[in-house]
Amino acid sequence: MRIRLSRTLTVAVAVLAAVAALPVSAATADVPEPVPHTAPADHATYIVTVREDADPAAVAERVGATPVHVYRTVLHGFSARLSPAQVEALREMQDVESVEEDGRAIGF
């Protein structure tokens with residue numbers, strides 16, 4: 001019994017060591033790097049929802065916005081600091097479903 005436990009622990013330690021030795025890039029290969037935003041701090045942050053068949057990053061690019069986050073799972077869209085002109089341009093696009101100023105949800 002003691003020999004079997006010793007072998008099991010040896011194998012477990014070897015497996016953990018092998019996993020720990022993997023390069024960090026291998027563990028995060030599917031996670032995109034966050035895009036730094038460069039919009040002026042005085043512009044409000046908006047959540048923009050786009051149609052499922054539209055690329056959120058491409059929609060942001062069309063109005064010169066740099067997304068803070070691009071959402072592709074529960075929400076399909078992006079958040080970005082936007083000027084009033086960008087907000088208006090996005091609201092007129094057929095690919096855009098909604099443009100809402102980011103804020104705190106109340107009542108939850």
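- From His43, atom NE2 reaches atom CG of Leu82 across 9.0 Å, with rounding to the nearest 0.5 Å.
- Using a distance-only test at 3.5 Å, with no hydrogens or angles considered, no donor-acceptor pair links the side chain of His76 to the main chain of Asp53.
- Annotation for Glu61: atom CD does not count as buried by contact number, only 12 or fewer foreign heavy atoms lying within 6.0 Å.
- Here the CG atom belonging to Asp102 is positioned 9.0 Å from the NE2 atom belonging to His69, to the nearest 0.5 angstrom.
- For the atom pair Ser79 OG and Glu100 CD, the distance stands at 13.5 Å (nearest 0.5 Å).
- Taking all atoms of both residues into account, the shortest heavy-atom contact from Ala80 to Pro67 is CB-CA, 4.0 Å.
- Minimum heavy-atom separation, Val63 to Gln86: O-NE2, 3.0 Å.
- For Pro56 against Val50, the heavy-atom pair with the smallest separation is CG-CG2, 3.9 Å.
- A donor-acceptor pair under 3.5 Å is absent between the side-chain atoms of Glu97 and the main chain of Thr49, judged by distance alone.
- By the 6.0 Å contact criterion, CD on Gln94 is open, its count of non-hydrogen atoms from other residues, nucleotides or ligands being 12 or less.
- In terms of hydrophobic clustering, with Ile, Leu, Val, Met, Phe, Trp and Tyr side chains grouped at heavy-atom distances under 4.5 Å, Met93 and Tyr46 are assigned to a common cluster.
- With contacts defined as side-chain heavy-atom distances shorter than 4.5 Å, the pair Arg72/Asp55 qualifies.
- Grouping the Ile, Leu, Val, Met, Phe, Trp and Tyr side chains by contacts below 4.5 angstrom, directly or via other members, places Leu90 apart from Ile47.
- Minimum heavy-atom separation, Arg91 to Val99: NH2-O, 3.0 Å.
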